[in-house]
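Below: the structure, in structure tokens.
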Amino acid sequence: MQEEVNPQPPDPQAGITAAMAGLDGLDGVPLAEHVERFDTVHTELTAALSTIDKV
């Protein structure tokens, strides 16, 4: 019988940093594309923050 190895939960700080990187260079992106970038960052932040215990 093999023991199950529980992988460590993802690091929320790394997810937050990666999500925020999606805003890099935003000033060079056409205004029409800002909403899509913000939506992507919001989704990634939501996923990262949901990995924090007791949330």
Side-chain angles (χ1 to χ4, degrees):
M1 183 176 198
Q2 291 181 340
E3 288 185 40
E4 286 188 35
V5 177
N6 292 332
Q8 288 194 331
D11 176 18
Q13 183 63 43
I16 292 167
T17 301
M20 295 305 293
L23 298 177
D24 291 348
L26 191 63
D27 57 342
V29 175
L31 187 59
E33 296 177 22
H34 284 202
V35 172
E36 183 178 346
R37 292 278 286 276
F38 288 138
D39 283 343
T40 300
V41 169
H42 180 264
T43 299
E44 292 174 4
L45 285 172
T46 300
L49 293 172
S50 70
T51 64
I52 298 173
D53 289 339
K54 300 177 184 166
V55 173

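Hydrogens, waters and symmetry mates are skipped; everything else that's a heavy atom, side chains included, is used. Counting begins at 1 with the first residue of the sequence. The structure displayed is predicted, hence computed values, not measured ones.
- Taken to the nearest 0.5 Å, the OG1 atom of T51 stands 7.0 Å off from the CG atom of L49.
- With sequence neighbours excluded, the residues that form a side chain to side chain contact (heavy atoms under 4.5 Å, CB included) with H42 are T46.
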Could you pull out all donor-acceptor pairs under 3.5 Å where a side-chain atom in residues 13-22 meets a protein atom, sequence neighbours excluded?
residue	atom	partner	partner atom	Å
Q13	NE2	T17	OG1	3.4
T17	OG1	Q13	O	2.9

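- For the residue pair P12 and A48, the shortest heavy atom distance occurs at CB-O, 3.6 Å.
- Between V29 and R37, the shortest heavy-atom contact is CG2-NH1, 2.9 Å.
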